[in-house]
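In what follows, chains carry the letters A, B, and so on, assigned in the order in which the sequence lines appear, proteins first and then strands, with residues in each chain numbered from 1.
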Amino acid sequence: MITVTNLTVAYDDLVAVADVSLRVPPGFVLAVSGPSGAGKSSLLWAIAGAIRASSGQVEVDGLTISDRPAAAAHGVVLIPQGNGLARVLTARENLALPLLAQRTDPEAVDRHVEQALADVGLQDSGDHLVEELSGGEQQRVAVARGLAQQGRVILADESTSELDGTNRERVLDLLRREAGRGAAVIMATHDLNVAAGADGHATMDEGHLTWQRNL
Amino acid sequence: MTFLRQALRYRRAQGLVLAGISLLIGTCAAFAPWFARAVEQTVTTEALTHQWNSAAWQLKTTPSTAVGGPAEETPPEDLAQLVPADLKPLFTPPVYGRTAVVIWGLGNARPTVEGRVVWRDGYCAQLELTAGRCPRAPGEVAASSADAKNFGLAVGATVRAQTASNPERSPLRVVGIYQADAEATYWFGRRPTGNSRQASDSQPPLGDFLLAERGTLSAGHWDAYSTLDTRPQPGIARADDLDRIRQVTDQLEAQIAERGIDARNGSGLIGVIDGIQTERRQATTIIPLVMVQVALFGVVVLALALATVVDQRRPELGVSRLRGSGASSTGRALAAELSVPVLLGTLAGAAAGFAMLLAVRAAWLGGAAPLEVPWTVPAAVAVAALAGLTVVALSVRTVVRRPISSLLRRIPLRGRHRTIGLIDLTVIVVASAGLVTGLTSGGRGPLPILTPTLLALAAGLAFAHLLLPAAGLVSRYALRRGRLGLALGALQVARRPAVTRLVAVVAVATGLASFAGQAASVADRNRDTRAGYETGAEAVLAIDPANLGVFTAAADKVDPERRWLTPVVLTSPPSAESLRAVLIEPDSYRRIAFRGDRLTDAEGFRKLQAPTEPKPIELTGQRLTVTADAGAMTSYEPPAGDNVVPPPEEPAKSVVLQATVVNQRSGGRYLVAFPPIPLGRGGPVTLSTALGCLPSCQLLRLGVSREVGDTAGVKGEIAISRLATDTQQSIPLGRMQDWTNGSQAGADQGSIAARNAPNGLALDVTSLGGELNVQYAAIPTPVPALASPDAVGDALTVPGLDGISIPIAKLGNPHIPVPRHTDRVAVLDLETARRVGGGVDRASTEFELWLNADGLANVGKIMDGLTAAGVTPTLVDRRSDRIDGYGRSASALALRLTPVVGLASWALAVVVLLLMGVSSWRSRAQDYASLRINGVPASTTGGAARWEQTGPVALAALLGSACGIVGAHIALPMFPLFAETSEPSPIPLDLAINWPGAVILWLAGTVVLTATTLVLGTGVNRRAGYGRIREELS
Amino acid sequence: MTGLAISTSGLVHIYRSQGHDVAALSGIGITVRPGEFVGLLGPSGAGKSTLLQLCGGLLTPSAGRLQIGEHNLTTMTEPELDRMRARDVGIVLQGAGRNLIPYLSPLDNVRYAQRAASHDRSLPTPEDVLELVGLTDHARTPLPSLTPGQIQLCAVAVGIATFPGLLLADEPTSQLDHRARDEVLAAISTVNSSTGMTVLLVTHDPEVAASLPRTVTIRDGRIASEGRSGEEFAVVATDGSLPLPPHVAGLLPPGTLLRVTTTEDGDVRLSPVQQEGQS
């Protein structure tokens, strides 16, 4: 369960998120759409604990989110916009290192990594360096990284912008599957078709959240 | 229109870095030729100063013996014409002189004293008059105080002098008594004093100079000759003048012949100049080579820096191309912008090089070199500037030529793995080739100096490429063990080829520093050691005592416990090829002489020492009496050889008993012979003879000889039942073990041995006419000695105190070169030589007192004490002076640059580290941010950031230091640590690696470099905030 | 100054990636009249930026024809392309900062952009250029002190610095908020209308696209449709092919046979034919 209460995120004068409140129960997929600069990424980062809220509060399954390491340990997974992969590592290493940091059983880690890569259709590209992959493949690796962490909250920021139809459907199915597993999923997207397939749809414009379709 | 000023102001830090590196290059370029030139001048001045005597022209005409003719056949002024006009300002004002060799006597006594009457231009100012005044008129002389003392001269006395050709005695009136510093350069080695001595057994009396006015020698018949002394003035005659001076000196003989003058030049100037030229060549080779390596390193670092800088400008270059500027005009603008700091830095470096020269000139060269600007300096600076600008042009060119789309990408394409490997491989091959060439070229020439750099470069690059797969293995191992920080760090090492450059640079830098440290410390150590061996101890006093007893008494008076000094006596044979003897006091020598305790082992010292048993036999008195029985002697015919019919001989008539004694006060050794004992009559006889043993003598030998003409063979025992003097009733002679058997040269000449007798000693004699002696075992014969390795042969002898040969038995070679007197010496115990006795031959014997550090600190007290004890000491040598002298040689001065090299190398390595940190931090920070936002703890990424560079750098530092040491081990034997001499020095070089120094340098370098990488790594991690992943990459 | 016309046909661009060739553009044929204001739309990776870069001479076409005004880009040498960029074609890259020299003021940036054409006496003054985009008040303000919108205006200014015949702008509004976006669009519109400069603008923002008089949508390397003031039309390509709009493409899968008939009022009817084995 994601509970956001009166969240405001501001950078100096610019208010990125203006007094947003929402709640996403486990098993549901919420799509947040809006133009660039609307505040979608800031909302997701604040929920993930990667930026500090100016006021308001984010709570995930009983833990008040204050910093990223605690949130990550608690199972809040962020798939950033632009993928945010480590370019010096291979796809497999990008998936494995965060898992190894949280768990120490290398065999379990290997299993999760292989499964996640297979899920996104990149089981043969595991040993490619990130920069050897195309934009779409990089995005799928980022998604796989998020999936492999088996979080209780998945925050996907524009995770289908580089994908063609088939892979887009695949990723959305995977996110749906995560929700089915019991995670609460929030997707930020500017693609209205993607938003149409979610359980709920909210739009953001200049920091303000407006519900189009409630969960 | 350019925006150069804004561009330079915007990237000030980069400009400063470029300027800083260029400054270092410019400093090396300017300083090297300047310093080399200054060293050339210093070496010239030093040689001309310290070898002033050899470097002097000492012209001397032949004395004219013709009667009649001009008073001064060839006046000294004529000799002055031999100095060409262009050299006159470079030489000291010539000192004219006139000298006559005379024999003089005081008053009407027969002239016996050999001396000289001398006029020298300006002599009076050089004298310290203890009585009277300087001569003013012809016929007046001043005599030295030594002469006054030895021959009883006083003011007012008249001496009469005659020359070899003219028996007429000319009177000279003594008007003054003088003292002079015979070592002053004014005298040019023609010592006025120090010659005076009274007559001795072997020599006539000698006198010092009788100084007179010029007129004295022009009137009358003196057979005088003219002298002219001059020498190149140190500080005025400079390095460039040497060729001309040498040429003129070489042609002097021809010049003399051309002018029809009958004169000769005694001068070692050509040898001195040749020595200087050799050192100059050393300076001009070694110094630039050392600095060129640093400069080249700097150029490489500059290229790396420029590559980074230009790479950062790619977006701006893209903008410029985008707006229609062609590649060349874009490149020109950028090259102009980058050339400004490079040029300014190089020129500032020239100024810094000058400042460094001033500092070094004051500190190391004692300000001896003049301030000049040799043409090599601006040439070198121009070359450095050109090199810098070329690097700028090349760096700009490689980037600017790229297509616009690649310029606009944030990350350059990575397709160049293979080409980087190719360049590295080429460098490795070239470096190895250079290394092999340098090693096999016979070690001559300058290439040995490059060995460590080439070795470190080749090894560093090879290691770097091995590092990449090794890092991969480490990362896999670390991942399996869950050590994420190490794994991530190792992964980055394996995947970023830039680390190869870093490793190579660090290896070269630490290699250079390590080699520099070794070279400097090894050279230092060798200078100290050689100075120690050549001096003998910390300082050496020369003494001129009348005899050994006076010498040892004075030493005992001043330092009875030998805390400060040890006596050393050197006797020299007349032939230059024969062995000399070094007589030492083993116990104090071990403590005070330089490495004296290593001369031999404890056993060797024990054997060297004069035996304590048996106790010496003392004789006191004026008459020696013996009771001996020769009745047991019979005729003896030696076995005849084939075909030799023994001539008929008269039967033997008598034997003569004799004793050799050594006077304890004078040291003189005398033979005392008894009246002959007629043969054929039995029974003991009592004989007596004169003995001059006051206060006492020691008995050295007993023996038997024959009367003149009595050469028939005789054999048998002579029983000596009593030996006594007028003051001693009975003198125990000991037992037969206390006497060494003797024989004449050649076994067929007879033999003598001591035997125990019921009431005394018996001599078992086989006499064929010559002298036979047994020697008391307190004085071993042959004398045990340590002989230097160049003493070859079986029957070795050395001169005793009186110059007469003593046979020695070789105990072995000394374990170290014999200090101070190293060639053709045998080391004996002074006590043994004293027991052998003999009047000191002062011409061939040198007395020295060697001082240790404490002794040198109290040298004033010691010298006063010695003077009070009646001997006159002179401080002739100091180890610190020799060390300083060696420190002023070209190679020593060149090696002083080594700390500079070391520091510059480290600085350049740090610069490269900073550069690589600056250029790669953003992408590394983005990678760390990406991991951290996914839950990898900041401590893990921090560990990775620190490991990534620290691991390779630490390993490279170790490798480089090892290469530097190996390079030193290989190169130092080929490196001239000392100036070349005509004969190689007998003191071996100690080229062992200075391990403590090597370890310290390695640790220091590693600490400095790894501290930098740790700070940089922590900095990158700190900048890896989450927001960084949002930055655009392409 | 008159705007330049763009004319391409059969334009193909292929690049190499990971050992095999990728066709970014597979036969583009468009015509832009002088002074037209055209937007290029399409999903990412479709080829919009590639087409823009080709028009700017930053890439070389692999096949086909590309003409800008009098310049035939398929045969020009690099120095000729430089001259074209110096005078006739202005490019605004995606990401405003990448167009600017960070340590120069807007005025100096415009001057810098005019460097290569400085010998040309018919250049506008830098002040005039800034006035056209509305940055006169900040002509000397250092760049770090400008708002994102102002920086974007500055980027546009350097793009038009020499008043070229063609302005190519890649996503000039993508990182801006609504107000700044509108400001920038207005400025570009003013430039287009007051100077007659042809403008080709790439965007993925549908609101921006709606405000443009003409849009061309590129999908999978081909022209998919064209828009006029917000209304989308299918367009017949130069080779006679007709890409179907997405909602129609679902109804007519590849391989469908169509009976093409024309009606009296000029409409064309496409009737899919039922084939054996199909439902």
Locate the shortest heavy-atom distance separating A/Ala50 from B/Ile933; write the atom from each residue and the value. CB-CD1, 4.1 Å
Counting heavy-atom pairs under 4.5 Å with chain A, the top scorer among B/Gly935, B/Pro937, B/Ala938 is B/Gly935
So for A/Ala86, is it side chain, backbone, both, or neither that comes closer than 4.5 Å to the heavy atoms of chain B? both
Value rounded to 0.5 Å, distance of CG in B/Leu488 from CD in A/Glu93: 9.0 Å
For B/Arg495 and A/Thr90, what are the C-alpha separation, side-chain angles and deciding distance, and is it a side chain to side chain donor-acceptor pair (under 3.5 Å)? CA-CA 10 Å; B/Arg495 302 242 174 95; A/Thr90 63; 4.8 Å; no
Does atom CZ of B/Arg11 have more than 12 heavy-atom neighbours, drawn from other residues, nucleotides or ligands, at distances under 6.0 Å? yes
Output every pair passing salt bridge (Lys or Arg N to Asp or Glu O under 4.0 Å) with a member in residues 6-31 of chain A, not counting sequence neighbours, ordered by first then second residue. none
Indicate yes or no for a side-chain donor-acceptor contact from B/Asn934 to the backbone of A/Pro98 under 3.5 Å, with no hydrogens or angles considered. no
Go through the atoms of A/Ala73 and report whether side chain, backbone, both or neither lie under 4.5 Å from a heavy atom of chain B. neither
Atom CZ of residue position A/Arg181 - does it have more than 12 heavy atoms of other residues, nucleotides or ligands inside 6.0 Å? yes
Report the distance from atom CD of B/Gln926 to atom CZ of A/Arg87, rounding to the nearest 0.5 Å. 8.0 Å
A/Glu59: partners by salt bridge (charged side-chain N to carboxylate O under 4.0 Å, His left out), with sequence neighbours left out: none
By a 4.5 Å heavy-atom criterion (distance strictly below it), what part of A/Leu89 contacts chain B: side chain, backbone, both, or neither? both
Got more than 12 heavy atoms from elsewhere within 6.0 Å of CH2, A/Trp45? yes
Distance, nearest 0.5 Å, that separates OH of B/Tyr1026 from CG of A/Leu78: 10.5 Å
Looking at every non-hydrogen atom in both residues, tell me the closest pair between B/Arg496 and A/Val88 and how far apart they are. NH2-CB, 3.8 Å
Using a cut-off of under 4.5 Å for heavy-atom pairs, which of A/Ile79, A/Leu97, A/Ile51 has the most such pairs with chain B? A/Leu97
Quick one: pull up CG in B/Leu931 and CZ in A/Arg145 and give me the separation to the nearest 0.5 Å. 7.0 Å
Within a reach of under 6.0 Å around OH of B/Tyr477, are more than 12 heavy atoms found that belong to other residues, nucleotides or ligands? no
Answer with side chain, backbone, both or neither: which region of B/Leu484 has an atom nearer than 4.5 Å to a non-hydrogen atom of chain A? side chain
So does B/Arg397 have more than 12 non-hydrogen atoms from other groups sitting under 6.0 Å from CZ? no
When B/Ser930, B/Gly482, B/Ala494 are compared by non-hydrogen pairs under 4.5 Å with chain A, the top option: B/Ser930
